[in-house]
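As structure tokens, the structure follows; a few thoughts come after it.
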Amino acid sequence: MKYIDEYRDGRLAKDIARQISEEVRPDVNYHFMEFCGGHTHAISRYGLEDLLPDNVRMIHGPGCPVCVLPIGRLDAAIALAQRPEVTLCTYGDLMRVPGSNGSSLLKAKAAGADIRMVYSTLDALRIAEAEPHREVVFFAIGFETTTPPTALALRAAIEKGLENFSIYCNHVLTPAAIQTILASPEVAKLGTVKVDGFIGPAHVSTVIGTEPYDEFAENFRKPVVVAGFEPLDVIQAILMLVRQINEGRYVVENQYIRAVKPGGNRKAQAEVAEFFEQRESFEWRGLGDVPQGALRLREEYSHYDAEKRFGLVTPASKDNPACDCGAILRGVKRPTDCKLFGTACTPDTPMGSCMVSSEGACAAHWTYGRFREHAKTKEIERSVA
Amino acid sequence: MKYIDEYRDGRLAKDIARQISEEVRPDVNYHFMEFCGGHTHAISRYGLEDLLPDNVRMIHGPGCPVCVLPIGRLDAAIALAQRPEVTLCTYGDLMRVPGSNGSSLLKAKAAGADIRMVYSTLDALRIAEAEPHREVVFFAIGFETTTPPTALALRAAIEKGLENFSIYCNHVLTPAAIQTILASPEVAKLGTVKVDGFIGPAHVSTVIGTEPYDEFAENFRKPVVVAGFEPLDVIQAILMLVRQINEGRYVVENQYIRAVKPGGNRKAQAEVAEFFEQRESFEWRGLGDVPQGALRLREEYSHYDAEKRFGLVTPASKDNPACDCGAILRGVKRPTDCKLFGTACTPDTPMGSCMVSSEGACAAHWTYGRFREHAKTKEIERSVA
Amino acid sequence: MNIAVVKPTRRKLDLRNGRVDLSHGAGGRAMGQLIEDIFHTAFDNDWLRAGNDQSAFTVPAGRMVMTTDGYVVSPLFFPGGNIGSLAVHGTINDVAMSGAKPLYLSASFIIEEGFPLADLAKIADTMGAASREAGVPIITGDTKVVERGKADGVFISTAGVGILPEGIDMRSNAARSGDCVIVSGSIGDHGVAVMSKRENLEFDTDILSDSAALHTLTAAMVAVGGTSIRLMRDPTRGGIAATLNEIAHQSSVGFRIDEEKIPLKPEVAAACEFLGLDPLNVANEGKLVAVVAPEAADAVLAAMLAHPLGQEAALIGHVVEDPHCFVQMETSFGGGRIVDWLSGEQLPRIC
Amino acid sequence: MNIAVVKPTRRKLDLRNGRVDLSHGAGGRAMGQLIEDIFHTAFDNDWLRAGNDQSAFTVPAGRMVMTTDGYVVSPLFFPGGNIGSLAVHGTINDVAMSGAKPLYLSASFIIEEGFPLADLAKIADTMGAASREAGVPIITGDTKVVERGKADGVFISTAGVGILPEGIDMRSNAARSGDCVIVSGSIGDHGVAVMSKRENLEFDTDILSDSAALHTLTAAMVAVGGTSIRLMRDPTRGGIAATLNEIAHQSSVGFRIDEEKIPLKPEVAAACEFLGLDPLNVANEGKLVAVVAPEAADAVLAAMLAHPLGQEAALIGHVVEDPHCFVQMETSFGGGRIVDWLSGEQLPRIC
Amino acid sequence: MCLAIPVQVKEVLPDNMAKVTLDGVSKIVSTALVDDVQVGDYLVLHVGYALAKIDPEEAERTLELIREAALGEVA
Amino acid sequence: MCLAIPVQVKEVLPDNMAKVTLDGVSKIVSTALVDDVQVGDYLVLHVGYALAKIDPEEAERTLELIREAALGEVA
Ligand code: SF4
Ligand code: SF4
Ligand SMILES: [Mg+2]
Ligand SMILES: [Mg+2]
Ligand SMILES: [Mg+2]
Ligand SMILES: [Mg+2]
Ligand SMILES: [Mg+2]
Ligand SMILES: [Mg+2]
Ligand SMILES: [Mg+2]
Ligand SMILES: [Mg+2]
Ligand SMILES: [Mg+2]
Ligand SMILES: [Mg+2]
């Protein structure tokens with residue numbers, strides 16, 4: 001598969017890893033946050049951490065839209081779907097995310113709510129056209145990648161005069177979240193989370209470009225390397241970060257130059273700007289309220305805004321108190337720090353959203369990496385015996 | 001079963017039959033038409049013809065609402081049911097009646113039309129209440145018995161404000177049909193159908209009473225005996241007719257006096273009068289246009305009249321040319337006179353409506369009586385051999 | 001060496017309020033748990049617990065029979081049983097009607113998303129009890145879940161195998177003129193019990209479905225009747241009218257039966273009047289019709305009367321020569337009539 | 001004597017434009033005609049034509065197996081087959097995975113009102129052809145029709161029986177550390193072929209379902225491997241990931257497999273990238289996984305490679321001791337990962 | 001179309017409904033078309049509605065007449 | 001959420017749609033977000049929409065850099 005296989009060459013990865021080991025300073029600990037779940041997934045799926053020297057540590061960021069969706073908004077979506085007149089269209093990823101009191105879209109569907117899994121906003125439009133008597137709501141979530149498709153669907157709905165189509169908008173903005181992390185007490189003051197550099201988003205950056213990161217690199221003096229989601233992309237980005245640190249640089253570099261332009265995709269940006277505007281503030285699970293952290297439909301498209309159309313109130317989020325998702329999303333904890341990980345909480349019986357999405361830190365570690373603890377336990381046992 | 005079992009005593013029936021044989025004049029042929037399919041069914045089901053002397057012949061009348069429904073109106077109902085917004089509610093009897101070109105409600109349902117079989121008008125109302133987004137049409141057919149329930153359903157729909165309920169009215173009127181038969185050339189002039197007396201309807205008469213028949217008895221000088229649907233009721237009515245003929249009388253007598261009053265059920269009559277009015281003329285299959293032969297909704301209830309609400313046009317009836325239903329319904333032919341009877345046309349593959357309803361002359365003979373021909377054939381063969 | 005094995009906590013199925021969802025059919029752990037917690041618990045045997053895709057058993061040399069039926073009854077629960085008891089009894093009976101001894105059953109479940117786990121457990125428990133009572137274990141199964149609106153609660157298809165006693169070889173074309181027709185008890189109970197709970201028809205009656213496994217009855221009959229029993233049939237869909245017509249056509253004979261001899265409960269007769277149905281067309285699930293050579297009829301009937309499931313057995317008529325294959329009945333009124341297959345679906349008549 | 005027997009004209013089913021309606025399931029003549037014109041014609045054997053409620057066959061003394069599966073695939077027709085071929089192959093395979101020789105099948109159809117007769121005939125014809133090709137006749141069946149909206153076109157449940165060669169007794173808990181894991185060919189073909197035609201997913205590819213009856217392959221394997229074949233499993237729902245995890249838990253072992261050795265068509269890999277799926281989770285219908293004692297692995301593999309259905313067979317890994325029952329895989333990238341059951345339904349991922 | 005059966009009233013219910021019975025089978029039906037329905041009354045039931053009361057005396061008289069006719073007596 | 005794959009354009013279709021392919025698997029997707037799509041172009045495909053073109057030269061250059069890095073050469 002062109003542009004895939006060549007970036008999955010394990011031997012090259014090992015060679016780069018060796019190079020990283022050679023270049024890291026033994027006295028320095030390198031902490032890099034991969035913002036994106038796509039990178040988290042690649043790191044776990046390909047076991048990249050095994051290749052890295054001990055003093056290079058990856059911190060999983062909040063870059064998974066499923067994981068950062070506050071429970072209150074999921075609860076609101078479930079309540080919306082339960083209305084008899086409503087058909088809720090959603091990407092499959094959200095079906096199993098636990099809401100309050102053990103609810104989920106999957107269970108609501110089983111109990112009778114009309115919930116349809118779609119692959120694309122085009123499918124939701126098609127449903128609205130085919131079933132004019134239903135109120136078809138698209139449960140829009142995602143970063144800058146999924147927002148332009150939502151905008152295009154809205155444009156098409158307006159052109160086709162589809163009065164029964166609306167959008168429950170949960171699109172969030174990456175740069176605002178990175179800003180919040182860097183400015184957070186844990187990172188900025190307390191130092192409980194050390195972040196020496198960022199691996200910047202791959203596909204988000206195809207839309208927004210690399211320019212939005214310049215400000216952070218500058219203001220917070222942290223290097224940022226935008227990288228593709230294939231394992232070689234990630235490991236090369238780590239090498240690039242190590243080199244910037246070693247050289248005392250903190251600029252934005254673009255490893256994913258084959259798809260990302262500095263200015264991003266202007267056409268997509270224009271589509272988004274036409275229909276959406278920034279919210280003053282929006283709750284990200286784990287990060288709390290993020291200023292300018294999300295989008296909403298512009299006033300003139302209120303008719304298509306499910307929040308207004310159905311007078312949705314977002315219940316206060318009642319996070320499961322035993323679930324450490326919040327801390328994990330901030331990089332304060334790792335999945336294995338959670339008492340529920342692998343016992344009460346598994347992908348079959350997820351207690352938190354990080355265990356659902358395959359980009360969630362908990363799910364990625366469970367699905368691909370959990371043998372490592374046991375392998376380590378074994379080594380420890382052996383050395384003790 | 002009280003009021004059932006006592007009227008099904010075969011020994012009493014045989015005794016009465018013997019009495020009939022004794023009383024009939026050997027030189028006279030007695031031709032009695034049972035108007036009602038209910039009587040036709042009882043005669044076939046219990047083999048009453050076997051008990052009667054050869055010179056007493058029963059002629060099956062048109063008293064089966066399923067059989068007399070013109071194909072054009074059935075086609076209109078099928079077309080109505082095929083509209084995506086319409087749910088057509090119908091008594092089960094109509095499901096298998098053949099329309100034009102091999103169509104039927106059963107096949108239309110299989111092909112996707114929303115057609116529901118109901119037991120009572122109450123069920124149709126319940127559907128309209130439960131599914132406010134559907135246009136629920138009740139396919140109303142039947143004689144004076146089924147009309148009052150339709151009237152009550154309409155009253156309830158109005159009281160409940162059910163805007164999505166309407167009626168496709170095919171209710172027909174018995175006296176008008178009897179009038180037409182008696183005035184028809186076959187009976188009145190040509191004499192191709194000899195009718196010496198009538199067995200009058202059982203349950204229709206509970207509603208309209210016996211008075212409406214007085215006119216015919218008088219004008220056409222034909223005795224009428226209103227009779228119940230149990231076999232003893234029928235055979236006693238035959239005896240009563242034989243006696244009137246022998247005595248040269250032609251009055252209306254009431255054998256079914258346990259349930260029928262001379263004036264009928266005034267309350268039911270008032271309900272019907274409230275909502276329905278006579279049509280100037282209406283096609284009865286077999287009889288052609290019958291003046292004042294049916295009811296329609298009154299002008300003030302047009303909103304509930306599916307014919308007006310959906311602008312229904314009744315296509316001209318294209319009767320299957322090989323099907324003799326028409327002649328059978330007029331008493332001109334018997335089922336076995338039809339070339340298709342028992343070969344191409346059986347209850348499994350009905351070609352005409354008389355083969356569908358168990359009150360249809362063809363179905364009744366097929367279902368219960370067809371062994372008789374074969375028995376006769378056998379006797380003939382034997383006598384020939 | 002003492003390696004700590006951390007295993008996922010097994011969360012119990014919520015048998016009170018839970019519902020089947022699509023993950024229960026996807027081949028993952030959720031499905032495994034559904035199967036274990038509900039079906040293995042209810043059916044309770046080592047074949048299933050072994051968790052193979054098939055189950056093994058030992059047979060002697062000889063002739064076996066195999067049968068299958070799908071169960072789609074609505075409503076799923078009715079007086080006297082539910083779809084689960086039907087799925088066990090019905091398939092045992094189809095084995096038993098050959099004269100064979102039923103040995104094992106398989107069960108395939110197709111479940112609609114949203115089906116209450118409590119109802120599924122109740123159905124499975126009923127099946128388990130019916131299979132244990134009959135001594136015919138359910139040794140292998142399958143579970144599929146389909147989206148809401150693509151099934152009707154739950155459908156069950158069972159298959160069954162059994163072994164034939166030496167020399168027994170009943171066939172549907174074996175009825176001969178002069179043979180006796182025996183029915184094992186009152187007709188129409190099952191159909192009336194189910195219809196009494198059907199939406200829009202609801203009526204009240206004490207009638208229970210007759211759903212029962214008839215293999216001990218057939219064994220008793222075969223023991224005395226042997227090859228004199230020409231054939232046996234359980235008159236399910238279409239009632240004894242359909243069964244007699246099938247046999248008549250398959251054997252190219254006619255029947256003469258006597259309405260007065262056919263066992264019929266007054267409530268069933270009354271319910272049929274309400275619905276405009278003929279009890280001869282109404283389904284049974286614990287009755288059989290046997291065609292028996294005249295010389296053995298008395299002995300077979302006596303064996304049936306001595307069996308709890310045949311206490312009301314009756315000789316209702318005879319096989320006659322008839323090129324038209326008519327099933328004729330002398331009515332209690334005294335006349336003759338034909339008893340025909342029902343045309344179309346069994347629906348309440350208005351006419 | 002020459003009695004004129006007037007019989008109803010048998011009107012042919014309209015196999016071009018006709019549809020299944022409720023009368024086809026009501027136990028009357030319409031049902032009889034549907035069964036005769038479609039199923040008896042397609043399956044074409046004397047067992048069915050005999051018209052009994054069960055069918056009889058002769059077996060030698062010994063051990064038999066029985067299995068059942070329900071088939072609810074959507075869409076019903078897909079590149080390389082349809083629900084009918086699956087219903088035959090899948091159940092033959094479940095019998096064959098025990099090492100048994102499949103003998104007979106039963107088939108239970110649940111059909112939605114309105115289903116085109118042409119499609120039903122096509123499915124039945126495919127089943128007939130598959131069963132004849134495999135030499136495993138469908139000897140008994142059942143047909144039910146449910147109202148529109150209460151099923152999804154057609155569901156088929158088949159059951160199968162077979163006889164085990166003397167001494168063969170495979171069990172799901174028989175895998176032991178050191179055993180070899182062999183897969184009979186490329187994985188994921190079936191699932192991808194089906195998904196390519198699923199509404200909203202439609203993509204174009206030349207991939208065909210691998211649907212096939214594997215009993216001749218298993219016979220060839222058993223012939224050389226005998227009791228050294230610990231167990232065999234067809235990796236259907238959940239793919240080889242589910243199969244290996246099941247075996248690991250049932251046998252209390254772990255697996256180490258090597259991604260590079262697993263046969264995988266480039267188009268299947270590409271389709272999985274499109275859909276965000278792991279080919280290890282994708283269903284197969286003509287493949288098997290065998291766990292074989294190391295000393296017999298070469299011979300078994302050679303026998304498989306020599307068989308048309310095993311030409312791409314490959315040894316993909318080994319059984320290891322592991323109290324966690326992990327299925328671990330060395331990725332082609334070089335790292336290690338766990339291969340887990342899929343959680344929830346197999347859906348295209350967006351994340 | 002005019003299938004109707006005689007049923008006995010077991011219970012008079014609100015809204016012109018009644019519970020009626022025939023040999024141990026009971027059902028709730030509309031009595032809106034019949035006046036003054038009492039427990040014990042027999043009704044002619046058609047498509048879920050009572051159409052008429054059955055007059056027990058007339059029923060007995062009809063049976064008398066039938067029996068007489070069977071004996072060859074002219075009423 | 002940002003799963004996306006590189007696909008090649010096989011056919012440009014009306015209404016900003018295109019038939020794209022990856023190793024023998026093809027699908028119709030929206031190219032409304034990308035300008036000037038030509039047959040042969042590689043696109044980044046996400047939830048049915050192309051988000052960006054892939055620049056073949058930059059892709060090659062990235063691979064070069066990776067290979068150099070693997071050899072221990074500093075770019
Ligand atoms: S393991 Fe589960 S409960 Fe714990 S943080 Fe992760 S998602 Fe939350
Ligand atoms: S037998 Fe059939 S075709 Fe002939 S008159 Fe009767 S209904 Fe019509
Ligand atoms: Mg809803
Ligand atoms: Mg319609
Ligand atoms: Mg069967
Ligand atoms: Mg059966
Ligand atoms: Mg299975
Ligand atoms: Mg049977
Ligand atoms: Mg199986
Ligand atoms: Mg299987
Ligand atoms: Mg059957
Ligand atoms: Mg299997």
Side-chain angles (χ1 to χ4, degrees), chain B residues 1-4 6-7 9 11-16 18-19 22-23 36-38 41 63-66 91 93 119-123 141-143 145-146 148-149 152 155 201-204 206-207 228-229 232-233 235-236 239-240 243 255-261 264-265 267-268 271 357 359, chain E residues 1-10 13-18 20-37 40-75:
Chain B
M1 290 175 289
K2 192 159 166 67
Y3 300 132
I4 296 181
E6 32 312 23
Y7 297 95
D9 182 327
R11 262 169 320 169
L12 279 177
K14 278 190 195 105
D15 290 341
I16 298 177
R18 192 174 346 96
Q19 193 60 30
E22 276 170 28
E23 294 192 23
C36 267
H41 182 257
C64 159
V66 172
Y91 293 130
D93 314 60
Y119 177 74
S120 156
T121 55
L122 297 172
D123 302 329
I141 83 159
F143 292 146
T145 41
T146 40
L152 284 182
R155 177 181 294 286
H203 298 126
V204 161
T206 64
V207 175
F229 281 154
L232 280 187
D233 291 324
I235 202 149
Q236 197 198 16
L239 176 60
M240 290 164 79
R243 286 176 178 173
Q255 184 279 337
Y256 196 34
I257 196 152
R258 65 188 182 276
V260 171
K261 301 287 153 265
N265 181 335
K267 199 171 178 186
E271 282 294 334
S357 165
E359 298 188 350
Chain E
M1 201 71 190
C2 306
L3 186 88
I5 55 168
V7 294
Q8 191 177 27
V9 177
K10 283 288 152 185
L13 303 172
D15 293 331
N16 286 318
M17 302 297 279
V20 299
T21 174
L22 175 71
D23 272 28
V25 175
S26 64
K27 189 167 170 64
I28 291 167
V29 304
S30 169
T31 54
L33 294 168
V34 182
D35 279 322
D36 188 30
V37 171
D41 283 354
Y42 281 86
L43 304 172
V44 174
L45 174 68
H46 172 67
V47 296
Y49 293 82
L51 289 186
K53 281 194 198 174
I54 293 173
D55 183 326
E57 284 167 29
E58 296 289 4
E60 192 41 51
R61 211 158 62 86
T62 303
L63 276 178
E64 287 296 321
L65 288 171
I66 288 172
R67 283 186 211 114
E68 284 166 17
L71 294 173
E73 290 164 26
V74 180

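Below, chains carry the letters A, B, ... as their sequence lines are ordered, and counting in each starts from 1. FYI, side chains are in, hydrogens and waters are out, and symmetry mates aren't considered; it's all heavy atoms of this structure.
By number of non-hydrogen pairs under 4.5 angstrom with chain E, the leading residue of D123(B), L152(B), D233(B), I4(B) is L152(B). The residue among K2(B), E22(B), R18(B), E271(B) with the most heavy atom pairs within less than 4.5 Å of chain E is K2(B). The choice from A202(B), P201(B), P149(B) that makes the most heavy-atom pairs within less than 4.5 Å of chain E is P149(B). Taking chain E as the reference chain and counting heavy-atom pairs below 4.5 Å, the highest number among L12(B), V260(B), V207(B) is found for L12(B).
At a threshold of 4.5 Å between non-hydrogen side-chain atoms, the residues V47(E) and Y119(B) do not count as touching. Looking at I257(B) and D55(E), their side chains never come closer than 4.5 Å, going by heavy atoms from C-beta outward. Residues Y3(B) and L63(E) are not in side-chain contact: their nearest non-hydrogen atoms beyond the backbone lie 4.5 Å or more apart.
Neither the backbone nor the side chain of K14(B) comes within less than 4.5 Å of any heavy atom in chain E. Proximity to chain E is limited to the side chain of L239(B), based on heavy atoms less than 4.5 angstrom apart. Interface remark: Q236(B) contributes side-chain atoms only to the contact with chain E (heavy atom separation under 4.5 Å). Both the backbone and the side chain of Q255(B) have a heavy atom closer than 4.5 Å to some heavy atom of chain E.
The nearest pair of heavy atoms linking A59(E) to Y7(B) is O-OH, 3.1 Å. Across R258(B) and E58(E), no two heavy atoms sit closer than the pair CA-CB, 3.6 Å. For A69(E) against Q19(B), the heavy-atom pair with the smallest separation is O-CG, 3.5 Å. Nearest heavy-atom pair, E359(B) versus L3(E), reported as atom, atom and distance to 0.1 Å: OE2-N, 4.3 Å. Nearest heavy atoms, L33(E) versus A268(B): CD2-CA, 3.8 Å. When all heavy atoms of A52(E) and A259(B) are compared, the pair lying nearest together is CB-O, 3.7 Å.
The distance from atom NZ of K261(B) to atom NZ of K53(E), rounded to the nearest 0.5 Å, is 10.5 Å. To the nearest 0.5 Å, the span separating NE2 on H46(E) from OG on S120(B) amounts to 10.0 Å. Atom CG of residue D15(B) and atom CZ of residue R67(E) lie 12.5 Å apart, to the nearest 0.5 angstrom.
Donor-acceptor pairing under 3.5 Å is lacking for the side chains of Y49(E) and T146(B).
The main-chain N or O of L51(E) is found under 3.5 Å from a side-chain atom of N265(B) such that the two form a donor-acceptor pair. Distance alone, capped at 3.5 Å, is enough to place a donor-acceptor pair between the K267(B) side chain and the A32(E) backbone.
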Evaluate side-chain contact (heavy atoms from CB on, under 4.5 Å) for E6(B) paired with I66(E), printing each intermediate quantity in order. CA-CA 10 Å; E6(B) 32 312 23; I66(E) 288 172; over 6 Å; no

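Heavy atoms from other residues, nucleotides or ligands lying under 6.0 Å from CD of E57(E) number 12 at most.
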